[in-house]
There are 2 protein chains.
Amino acid sequence: MTIEAISKAIGDESRRKIIEMLKDGEMPASSIFDQFDYAAPTISRHLSVLKEAGLVTTRRNGVFIYYALEKEALNQLATWLYPLLPPTNPVAKPAPKERVARAPKVKIENPFDKFQSEF
Amino acid sequence: MTIEAISKAIGDESRRKIIEMLKDGEMPASSIFDQFDYAAPTISRHLSVLKEAGLVTTRRNGVFIYYALEKEALNQLATWLYPLLPPTNPVAKPAPKERVARAPKVKIENPFDKFQSEF
DNA sequence: TAATAAATTAGCTCAAAAGCTAAACATAAT
DNA sequence: ATTATGTTTAGCTTTTGAGCTAATTTATTA
């Protein structure tokens, strides 16, 4: 559950894909395997890296092992990341739709921007 | 500036440390080197990885090359991360201090929680 | 109890990445 | 012009990590 392990785990495309797959709920290992062209042991190894990082947990049901995303671990990354993001954009709300064409172009630089002052 | 390059870049401790060092403003390469026990070329290479990922930019002033954090690039990671975080905690505000002992323990699971409905 | 299926572990190869020293490059100062 | 300083590039070694197949483990079913 260290930032080291978490950020390393996320630095691999297959592992990011697994995390995305588990976003809406648990899934047995075999269903995860199916989504890849890699051999099962390769993905099994990725799963164990995710588990060691605390990013997933497992439960066994009969012969199946269900993997679930441990969103708490992702919070660690968010917590590291948040203070590094760009400062709040002074214009929080975009101009109303009808006036958009004439309104100055204001780029919302960061999805968390409008919340930063509350953080 | 791909999520692939950004997340790989962040998966190294020295590079995360560099990012943190640049949080409050630019810094010449030599000042960055000084903060590490590694040889200068090693850190120089880390800087180039960060640059290739779009996480830093450089400007030269005389013999010095200043590195600056490109916070925009960090947004890409935040944007990937955000939808994966735990759902909003229904109790946004903790109980007032005097009542904390008696109030039910509510764990704020995610620093972005209270903003999610606005996102 | 043997066979089957899900999943992991073992053991290997290969590529990527981190580290080093030495050399080269770029600018400034003497 | 030469020297000095900041920084990167070249070239190398070593470690780490991703991928594979084969073997093993665990649990179910015939």
Side-chain angles (χ1 to χ4, degrees), chain A residues 1-22 25-70 73 77, chain B residues 1-22 25-70 73 77:
Chain A
M1 267 280 278
T2 64
I3 189 73
E4 172 71 9
I6 292 167
S7 63
K8 271 215 160 54
I10 279 170
D12 178 88
E13 181 166 23
S14 296
R15 291 192 294 256
R16 282 196 307 281
K17 185 175 166 185
I18 292 169
I19 288 171
E20 291 164 11
M21 289 172 67
L22 296 177
E26 66 180 8
M27 189 173 290
S30 50
S31 300
I32 298 174
F33 297 166
D34 290 348
Q35 305 292 319
F36 290 91
D37 288 335
Y38 295 119
T42 296
I43 302 304
S44 180
R45 175 68 190 134
H46 282 310
L47 288 170
S48 92
V49 169
L50 289 169
K51 193 172 179 180
E52 283 160 24
L55 282 160
V56 300
T57 52
T58 56
R59 77 179 172 89
R60 178 183 276 273
N61 188 344
V63 82
F64 297 97
I65 296 184
Y66 287 83
Y67 279 81
L69 187 58
E70 201 56 52
L77 186 59
Chain B
M1 269 279 278
T2 63
I3 189 75
E4 172 71 11
I6 292 167
S7 62
K8 273 218 158 55
I10 280 169
D12 178 90
E13 182 166 22
S14 296
R15 290 193 295 256
R16 281 196 309 280
K17 183 173 167 185
I18 292 169
I19 288 171
E20 290 163 11
M21 289 171 67
L22 297 178
E26 65 180 11
M27 188 174 290
S30 50
S31 300
I32 298 173
F33 297 166
D34 289 348
Q35 305 292 320
F36 290 91
D37 288 334
Y38 296 119
T42 296
I43 302 304
S44 180
R45 175 68 189 132
H46 282 311
L47 288 170
S48 91
V49 169
L50 289 169
K51 194 172 178 181
E52 283 160 24
L55 281 160
V56 300
T57 52
T58 56
R59 79 178 172 90
R60 180 184 274 276
N61 189 344
V63 83
F64 297 96
I65 296 184
Y66 286 83
Y67 280 81
L69 186 58
E70 201 57 51
L77 186 58

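A, B, ... follow the sequence lines: proteins, then strands. Residue 1 opens every chain.
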Between the main-chain N or O of B/Ile65 and the side-chain N or O of B/Arg60, is there a donor-acceptor pair closer than 3.5 Å? no

Strand contacts (DNA chain D) in residues 3-14 of chain B, 4.0 angstrom heavy-atom criterion: none

Could you tell me whether the side chain of B/Ile6 reaches within less than 4.5 Å of the side chain of B/Thr2, counting heavy atoms only? no

If every non-hydrogen atom of A/Ala53 is compared with every non-hydrogen atom of A/Ala73, which pair is closest and at what distance? O-CB, 4.5 Å

With sequence neighbours left out, what residues match B/Glu13 under side chain to side chain contact (heavy atoms under 4.5 Å, CB included)? A/Glu4, B/Arg16

Using the test salt bridge (charged side-chain N to carboxylate O under 4.0 Å, His left out), find all partners of B/Arg45 that sit at least two apart in sequence or belong to another chain. B/Glu52

Scanning both residues in full, the closest heavy-atom pair of B/Ala40 with B/Phe33 reads CB-CD1, 3.6 Å

Taking atom types as modelled, find out whether A/Lys51 and A/Thr58 have a side-chain donor-acceptor pair closer than 3.5 angstrom. yes

Scan residues 54-69 of chain A against DNA chain C and write down, sorted by residue number, each residue with any heavy atom closer than 4.0 Å; if none is found, say none. A/Val63, A/Phe64, A/Ile65, A/Tyr67

Side chain proximity check, B/Asn61 to B/Tyr66, heavy atoms < 4.5 angstrom: yes

Here the gap from B/Leu50 atom CG to B/Ile10 atom CD1, rounded to the nearest 0.5 Å, amounts to 8.5 Å

Covered region of DNA chain C, 5' end to 3' end, by chain B [heavy atoms, under 4.0 Å]: C/dA17 to C/dA28

Pairs touching residues 26-39 of chain B that satisfy side-chain hydrogen bond (donor to acceptor under 3.5 Å, both in side chains), sequence neighbours left out: B/Glu26-B/Arg59

Smallest separation among heavy atoms of B/Phe36 and B/Ser14, with atom names: CZ-O, 3.6 Å

Answer yes or no: is there a donor N or O on one side and an acceptor on the other, between the side chain of A/Arg15 and the main chain of A/Ala9, under 3.5 Å? yes

Can you sort out the partners of A/Ala39 under side chain to side chain contact (heavy atoms under 4.5 Å, CB included), two or more places apart, ordered by chain and number? A/Pro41, A/Thr42

Going 5' to 3' along DNA chain D, which nucleotides are the first and last within contact of chain A (any atom under 4.0 Å from a heavy atom)? D/dG17 to D/dT28

Can you list everything that forms a side-chain hydrogen bond (donor to acceptor under 3.5 Å, both in side chains) with B/Lys17? Sequence neighbours excluded, please. none

What are the residues of residues 25-42 of chain A, sorted by number, that bring a heavy atom to within less than 4.0 Å of DNA chain D? A/Tyr38, A/Ala39, A/Pro41, A/Thr42

Side chain to side chain contact (heavy atoms under 4.5 Å, CB included) partners of A/Leu22, counting only residues at least two apart: A/Ile18, A/Met27, A/Ile32, A/Val56, A/Tyr67, A/Leu69

